[in-house]
Amino acid sequence: MRKVLLTLVLLAVAGCGGQAPPEERALPPVVSTELAAGKVVRLTEAGPVPNRLIAGPGDTITWRNESAKPRVVSLLDGTPPSKEIPPGGRYERAFPTSGTFAYRLDNAKKGTAGVIEINLPAVPGVPR
């Protein structure tokens with residue numbers, strides 16, 4: 001009887017496969033919000049990529065000119081446009097408050113535009 005009980009216990013332990021319960025398994029590494037959001041708009045020959053970017057209050061967005069021609073970013077909120085961004089150059093703007101900020105590329109093909117959405121709340125102590 002004792003041998004049968006020991007065999008059942010060993011089979012039960014072996015049947016678990018040696019895996020830890022789900023809550024103890026290692027989770028995949030977390031990508032920071034900054035890397036996930038990107039915070040970079042690539043200005044290509046076809047237009048801005050992405051043409052919709054979501055970030056949080058206080059974030060700085062970078063427009064990087066990857067096209068062969070100079071570009072000018074004009075936000076439609078009334079702020080002055082960027083200076084001419086040469087190929088390989090960049091323009092940065094901080095967005096301190098929530099809101100939707102549309103922009104256009106003045107010296108690009110007609111209808112080239114995008115949107116920056118600032119709507120993620122800042123969390124104290126959590127880097128972005």
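Hydrogens, waters and symmetry mates play no part in the numbers below; they use all other heavy atoms, side chains included. None of these values were measured; they are calculated from a predicted model.
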| In a check of side-chain contact (heavy atoms from CB on, under 4.5 Å) between Tyr91 and each of Thr62, Val73, Leu43, which one passes? | Val73

| Joint cluster assignment, Phe101 & Leu53, ILVMFWY side-chain distance < 4.5 Å | yes

| query | If every non-hydrogen atom of Pro81 is compared with every non-hydrogen atom of Ser74, which pair is closest and at what distance? | reply | CB-OG, 3.2 Å

| Do Phe95 and Asp59 come close enough that some side-chain heavy atom pair is under 4.5 Å? | no

| field | Close side-chain approach of Lys39 to Thr60, heavy-atom, < 4.5 Å | value | no

| said: For the CD1 atom of Ile85 and the OG atom of Ser67, what is their distance to the nearest 0.5 Å? | reply: 9.0 Å

| request: May I ask you to decide if Ala68's main-chain N or O and Glu45's side chain share a donor-acceptor pair within less than 3.5 Å? | output: yes

| note | On a heavy-atom basis, the closest approach of Pro48 and Thr112 is CD-CG2, 3.3 Å

| request: Calculate, to the nearest 0.5 Å, the distance between atoms CG and CD1 belonging to Asn119 and Ile54 respectively. | output: 6.0 Å

| remark: For Tyr103 and Val115 the tightest heavy-atom approach is CE2-N, 3.5 Å

| task | Provide the closest heavy-atom pair for Pro57 versus Ile118 in the form atom of the first, atom of the second, distance. | result | N-CG2, 3.3 Å

| said: To check you understand the geometry: which heavy-atom pair defines the closest contact between Arg93 and Thr79, and what is its length? | reply: NH2-CG2, 3.2 Å

| Atom OG1 in Thr44, atom CG in Asn51: separation rounded to 0.5 Å? | 10.0 Å

| message | Distance check, rounded to the nearest 0.5 Å: Arg64 atom CZ versus Arg90 atom CZ? | response | 9.0 Å

| task | Kindly give the heavy-atom pair with the smallest separation between Pro86 and Glu84, and that separation in Å. | result | CD-O, 3.4 Å

| Atom pair CD1 (Ile116) and CZ (Arg52), whose distance is rounded to the nearest 0.5 Å | 10.5 Å

